[in-house]
Amino acid sequence: METKTTITTQKQSLSISIAEFLLMFFLGAFAMVLHAKFRFPLNLPGRHGLEFMMLLLIGRNLTQLRFSGFASSLGVSAMLFVPFLGFHDPFMAAVFILPGIAIDIFYNVFPAQNKKIWMLALASGIAYSLIPISRIIISYFTGFVYESLITGLLFPVFTHFVFGFTGGLGGTAIVKAFGKKK
């Protein structure tokens, strides 16, 4: 009897993990669709960090999956191969995996801190700042030109941090607000 219960529990646990993985994958894919469809020339690098990190943190706070940020990043990367979305950066898939991995590292290395909304917002800002930092490195070694880096290096890092911080703060606040009502 006990073995049957254990097997049932393991199957339920696996089903939940698969569902959480798919949730995060599709949140990442949705974030890239938003990125592709809302390209307004605002001259503010990193502005998509608002919705990107908000969706990532909403999903990350709702799941128990240890590597849900990476699952979300896989969704992001998968959408970059859809031709009609109009992405032309050959390094974009690698660059956009970094924020998800950084959030996973934060959650797994600092478990006591991932309950604090301001720490999550700070981690989100730093995670999203990895995008322009990696682009600086790619540009230096390959010569690939990023429009966001033409005006300088510090401004894109700063704006990515601000939008990532705000998105992470908003995503975590939404989950915490709805979680308290339960």
Side-chain angles (χ1 to χ4, degrees), residues 16-17 19-35 38 44-80 89 91-138 146 148-149 152-182:
I16 290 169
S17 294
E20 288 181 340
F21 176 86
L22 290 173
L23 168 71
M24 293 305 296
F25 183 89
F26 287 117
L27 280 174
F30 181 61
M32 283 318 285
V33 170
L34 289 175
H35 183 90
F38 294 110
L44 285 172
R47 66 189 175 278
H48 292 289
L50 189 62
E51 73 268 5
F52 184 85
M53 293 310 288
M54 185 176 292
L55 290 170
L56 178 65
L57 267 289
I58 286 172
R60 187 64 179 100
N61 281 304
L62 292 175
T63 65
Q64 296 299 315
L65 198 61
R66 280 188 62 144
F67 299 103
S68 62
F70 181 69
S72 180
S73 294
L74 288 176
V76 166
S77 295
M79 294 309 292
L80 294 173
D89 177 356
F91 304 104
M92 198 167 185
V95 168
F96 273 84
I97 280 180
L98 296 175
I101 292 172
I103 290 298
D104 284 341
I105 290 170
F106 176 77
Y107 264 80
N108 293 318
V109 173
F110 303 108
Q113 300 301 317
N114 67 30
K115 305 290 185 245
K116 299 175 182 172
I117 192 168
W118 293 107
M119 290 303 291
L120 287 170
L122 182 62
S124 296
I126 293 169
Y128 204 67
S129 294
L130 293 175
I131 291 173
I133 291 169
S134 64
R135 286 178 173 168
I136 291 166
I137 294 167
I138 290 168
Y146 287 99
S148 64
L149 301 178
L153 304 179
L154 192 56
F155 183 67
V157 173
F158 175 73
T159 56
H160 275 75
F161 175 83
V162 169
F163 286 114
F165 179 93
T166 307
L169 182 65
T172 304
I174 288 169
V175 171
K176 300 249 185 230
F178 285 106
K180 288 184 179 184
K181 291 183 178 182
K182 288 184 179 179

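- Between Pro156 and Ser148, the closest heavy-atom pair is CG-O, 3.0 Å.
- A cation-pi arrangement is present between Arg60 and Tyr107, with the terminal nitrogen or guanidinium carbon under 6.0 Å from the aromatic centre and inside a 45° cone about the axis.
- Summarising the geometry, atom CZ belonging to Phe70 is positioned 9.0 Å from atom CG belonging to Asp104; distances are rounded to the nearest 0.5 Å.
- Contact between Ala121 and Phe165 at its shortest, heavy atoms only, is O-CD1, 3.3 Å.
- Scanning all heavy atoms of the two residues, the minimum distance from Gly125 to Phe161 falls at C-CD1, 3.2 Å.
- For the pair Pro45/Phe155, a side-chain contact is recorded, criterion being any heavy-atom separation below 4.5 Å from C-beta on.
- Atom-to-atom distance recorded for Leu55:CG and Leu27:CG is 5.5 Å, nearest 0.5 angstrom.
- Note that NZ of Lys115 is 7.0 Å distant from NZ of Lys176, once rounded to the nearest 0.5 Å.
- Note: Leu149 CG to Arg135 CZ = 7.5 Å, rounded to the nearest 0.5 Å.
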Practice task
Determine, stepwise, if the pair Phe110 / Ile105 fulfils side chain to side chain contact (heavy atoms under 4.5 Å, CB included).
Solution key: CA-CA 8 Å; Phe110 303 108; Ile105 290 170; over 6 Å; no

Exercise for the section: Given side chain to side chain contact (heavy atoms under 4.5 Å, CB included), test Leu57 with Leu120 step by step and report yes or no. Expected result: CA-CA 8 Å; Leu57 267 289; Leu120 287 170; 4.2 Å; yes

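- Smallest separation of non-hydrogen atoms from Asn108 and Pro111: O-CD, 4.0 Å.
- Atom CZ of Phe158 is surrounded by 12 or fewer heavy atoms from other residues, nucleotides or ligands within 6.0 Å.
- Rounded to the nearest 0.5 angstrom, Leu44 CG and Leu50 CG are separated by 11.5 Å.
- Two residues are said to be in side-chain contact when any heavy atoms from C-beta on lie closer than 4.5 Å; Ile101 and Phe67 fail this criterion.
- Under the 3.5 Å distance criterion, the side-chain polar atoms of Glu20 are matched with a main-chain donor or acceptor of Leu65.
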Practice task
Evaluate the side chain to side chain contact (heavy atoms under 4.5 Å, CB included) criterion for residues Asn114 and Met119: first the C-alpha distance (whole Å), next the side-chain angles of each, then the deciding distance (0.1 Å), finally the verdict.
Solution key: CA-CA 7 Å; Asn114 67 30; Met119 290 303 291; over 6 Å; no

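- Taking both residues in full, the closest heavy atoms of Gln113 and Phe106 are given as CB-CZ, 3.8 Å, listed atom of the first, atom of the second, then distance.
- Interatomic distance, Asn61 CG to Gln64 CD, rounded to the nearest 0.5 Å: 10.0 Å.
- Contact of the Leu23 side chain with the Thr63 side chain is registered, since non-hydrogen atoms from C-beta on lie closer than 4.5 Å.
- Between Thr172 and Met54, every side-chain heavy-atom pair lies at or beyond the 4.5 Å cut-off.
- The aromatic ring centroids of Phe52 and Phe163 lie 6.0 Å or more from each other.
- Using a 4.5 Å heavy-atom threshold, the side chains of Thr159 and Arg47 count as separate.
- Not a single donor-acceptor pair under 3.5 Å links the side chain of Tyr128 to the backbone N or O of His160.
- Taking both residues in full, the closest heavy atoms of Val162 and Thr166 are given as O-OG1, 2.8 Å, listed atom of the first, atom of the second, then distance.
- Enclosure of atom CZ in Phe30 is not indicated, since only 12 or fewer non-hydrogen atoms of other residues, nucleotides or ligands lie within 6.0 angstrom.
- Residues Ile103 and Met53 form a side-chain contact, since some pair of their non-hydrogen atoms from C-beta on lies under 4.5 Å apart.
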Exercise for the section: Take Val76 and Ile97 through the side chain to side chain contact (heavy atoms under 4.5 Å, CB included) test and state the conclusion after the steps. Expected result: CA-CA 8 Å; Val76 166; Ile97 280 180; over 6 Å; no

